[in-house]
Trainee: 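The structure is given below, and queries will be raised subsequently.
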Amino acid sequence: MAEYNRVSECVGLITLRNPPVNALSAAVRQGIVDTVERALSDPNVKSVVICGQNGIFCGGADIKEFGSKMTGPPLIPMIHAIESANKPVVAAIEGSALGGGLELALGCHYRIAHSKARLGLPEVSLGLLPAAGGSQRLPRLIGVPAALNLITTGRHVTAAEALQLGIVDQVTDHNTVDAAVKFALSVAGRSLDPRRISTHPCPQQPDLDALFEEVMQKVRQSARGAIAPIACVQAVRAAATLPYAQGMERERELMATLFTSGQARALQYCFFAERAVGRWRMPSGARWDTSKPRPVHKAAVIGLGTMGRGITVALAQTGLSVIAVETQEKQLMEAKQAISGMLERGAKRRGVAPALDRVIYSQNIQAVADVDLVIEAVFEDIALKTKVFQQLSAVCKPGTLLCTNTSALDVDQLASETPNPELVVGMHFFAPAHVMKLLEVVYGPRSSPQAVATAMQLGKKMGKASVAVGNCRGFVGNRMLKPYIEEAFFLLEEGATPELVDQALEEFGFSMGVFRMSDLSGLDVGWRVRKGDGLVEPGTASGRSARIRQGRRYSPLGDLLCEEGRFGQKTGRGWYQYDKPGSRVARSDPWLHSFLGAYRAQHGLVARRIDHQEVLERCLYALINEGFHILDDGIAAGPEDIDVIYVSGYGWPRHRGGPMFYANMVGLAKVLERLEHYQQLHPEVPHLQPSSLLRRLVASGSPPIHKWGEVIKKLHSQL
Ligand code: 3H9
């Protein structure tokens, strides 16, 4: 809805009312049409101000309406009527003006923003383009290069930047609506012709073709198969080269293709999934809205290796005081230097003062006595972690939350070593912890809802996509990664190369294929875990039996590379070769290819031709299958949780929505059929055995993803 009032005698004030973000739903659009008409036809009204209720101008088109038939007045003629008005219309921008919200403001003759407001055209991140004239008006207002940057990245700008770019006319620290009303009074009666952006020519730009070519190349490279960024460039090109009416026609055509695309569906699903995971729930029935977090003002990090340093920076940047503990003096000094550098660089990027004095360094664990929360980030060794937890239990004040950053160890086991297991949760960060968006908050059967709520809230404050998951080996992300990596190894045995597997996965949209990723994170990490599991057998045993361990197919390829000292980038050799240790440019390695040939010969394996389709099906369906097991086990509360984990932390292409959304798009029956097919060919591979949940979902007619929860609940209640 939109509410109408007359203020200061001759200003018509239109207030958008659609909490929480005043999205342009059918009712709001109708309200704007009606109230604008009313203001324009009232002879006492000399000018008009449009604002939004509750400190937010407008979050854009109502994304929830996208799936259903369009009703109500369309946006484009509505904005056009505002721009054509013969009385000045001023947008009073507080909070956010995003997407259709900014397009509405661009249709107004003037824009006044509060200094804390954010503006942007983020449609690209929803698989769309600004199709209510935004792609045509913005370049006319601020020039092609700046418009291209905003529209192709979707980034939000501050009011100060918006003023500098020329998007807004004035910025105020005071009441925005009052400032806009005052401004509207001051411009009443002035000619509006120069204020109608659609009538402006696009500012001249030398070497237009070269600019578009360069931007298109950059966008194609970073888009990894996403179509919206490319359509955004094409739309801005239309603005720069065509008259406005023809540019609008091009904008409409491009939007028509995007609007119904699977990518737009996937990206909009991600938008809602990221918000849904904040409404966490535990199998015990505890939930986000009934569990109150404890306040956290002071935190501690124990162990200042790579993870501990990143976590310290993330906490300090959130505004917390942090006690950073490392027992060895030399390591402590090195960590202090590294953390200070990270804080300084981060502050420079964000244009703020570095939070150096928020971190206190200590060699003594006693220093954490009065903190509200501790994150332990020592070496992945259960005996060491147990010792640290016992020390923390003795030192910390009552009620301090004890968190472990383990990526593999049993959170319940650690909890059981403390007198207060309800205060223990896992906080699984991803390296580098101050950069990576994902945080898995791992609860055990004894973790209190308050402990989970506190860790989730802290994650949110740190700007992380925080997902609450149950405790199991590998939690959600790494548990699903295991079959994915194993399938990649098996494909090498059967005739593929690291290049072929990586290319298939990168063309699918992963930021890095499995082998390039393994080289980056270090082959020795998995080797250590497999050794711990008793899977590694040094030596040169050959034949099929050498590749069956603990009753299932096993590929020792990774172990053999480690025995050669090939740990990946850090040693300059891994699945690829590098110019020098630490270098990042992977090059094909003839040694590896002959090693694979010799390995196959030794084991009596005959290389066959493997295509991209098989790589994708075997790696991705194995991973998805594990996702169904995880849902069935109740480790993840819903498919959204898994998808947010994969999109935010594992390089899964966002425009494919996450593994479970992808399975839904491909069709559950197809995923099941392909798993059954590969299972028949590889009966000794248990992770290709379709999960019973997948079978039951297919048997119940493959319901859409938002209905899986109901099916799982029903199935579990029948058990
Ligand atoms: C568009 O405009 C297309 C046009 O160019 C042309 C068309 C022809 N619609 O994020 P929050 C919900 S495309 C519906 O937690 P914050 C959100 O789901 C649109 N619902 O709050 C959540 O619901 P719930 C382009 C929306 O304060 C609640 O509002 N616009 C919309 O952290 C609170 O959201 C965008 O892409 C919407 N447009 O952040 C902007 N927006 O409580 C998308 C939000 O049930 N929105 N909701 O989970 C945002 O970026 C942030 O929501 C915003 C507020 C910055 C506005």
Trainee: For residues Gln503 and Glu499, is any side-chain donor paired with an opposing acceptor at under 3.5 Å?
Mentor: no
Trainee: Gly657 and Val647: which non-hydrogen atoms are nearest, and at how many Å?
Mentor: C-CG2, 4.1 Å
Trainee: Which heavy-atom pair separates Ile142 from Gly166 by the least distance, and what is that distance?
Mentor: CG2-C, 4.1 Å
Trainee: By ring pair (Phe, Tyr, Trp, His ring centres under 6.0 Å), which residues pair with Trp288, not counting sequence neighbours?
Mentor: none
Trainee: Cation-pi check, Arg38 to Tyr4: give yes when NZ or CZ is under 6.0 Å from the six-membered ring centre and within 45° of the ring axis, no otherwise.
Mentor: no
Trainee: Any carboxylate oxygen within less than 4.0 angstrom of a Lys/Arg side-chain nitrogen, looking at Asp643 and Arg656?
Mentor: no
Trainee: For Phe66, what residues pass the ring pair (Phe, Tyr, Trp, His ring centres under 6.0 Å) criterion, not counting sequence neighbours?
Mentor: Phe259
Trainee: How many angstroms lie between atom CD1 of Ile230 and atom CD of Gln234, to the nearest 0.5 angstrom?
Mentor: 7.5 Å
Trainee: Check for a donor-acceptor pair, side chain of Asn22 on one end and backbone N or O of Gly52 on the other, with a separation under 3.5 Å.
Mentor: no
Trainee: Listed by chain and number, what are the ring pair (Phe, Tyr, Trp, His ring centres under 6.0 Å) partners of Tyr244, not counting sequence neighbours?
Mentor: none
Trainee: I need the minimum non-hydrogen distance between Val666 and Tyr621, along with the two atoms involved.
Mentor: CG1-OH, 3.4 Å
Trainee: I need the full list of salt bridge (Lys or Arg N to Asp or Glu O under 4.0 Å) pairs touching residues 239-263, with sequence neighbours left out, sorted by first then second residue.
Mentor: Glu249-Arg252, Arg250-Glu253
Trainee: Around Arg674, counting heavy atoms of other residues, nucleotides and ligands shown, do more than 12 lie under 6.0 Å from its CZ?
Mentor: yes
Trainee: Should Arg155 and Glu161 count as an ion pair when the cut-off is N to O under 4.0 Å?
Mentor: yes
Trainee: Between Thr176 and Thr172 (side chain of the first, backbone of the second, donor and acceptor by atom type, cut-off under 3.5 Å), is there such a pair?
Mentor: no
Trainee: Does the side chain of Gln217 pick up a donor-acceptor pair with the side chain of Glu213 at under 3.5 Å?
Mentor: no
Trainee: Show the nearest heavy-atom pair for residues Ala85 and Leu192, with the distance to one decimal.
Mentor: O-CD1, 3.5 Å
Trainee: Assign the ring pair Phe510 / Tyr484 to parallel, tilted or perpendicular, where the plane angle (0 to 90°) is split at 30° and 60°.
Mentor: tilted
Trainee: For residues Tyr662 and Tyr646, establish whether the separation of their ring centroids is below 6.0 Å.
Mentor: no
Trainee: Which residues pass the side chain to side chain contact (heavy atoms under 4.5 Å, CB included) test with Val215, sequence neighbours left out?
Mentor: Leu148, Leu211, Val219, Val233
Trainee: Quick one: side chain to side chain contact (heavy atoms under 4.5 Å, CB included) partners of Ala465, sequence neighbours excluded?
Mentor: Val644, Ser648
Trainee: Considering non-hydrogen atoms only, spot the tightest contact between Ala159 and Leu119 and give its length.
Mentor: CA-CD1, 4.3 Å
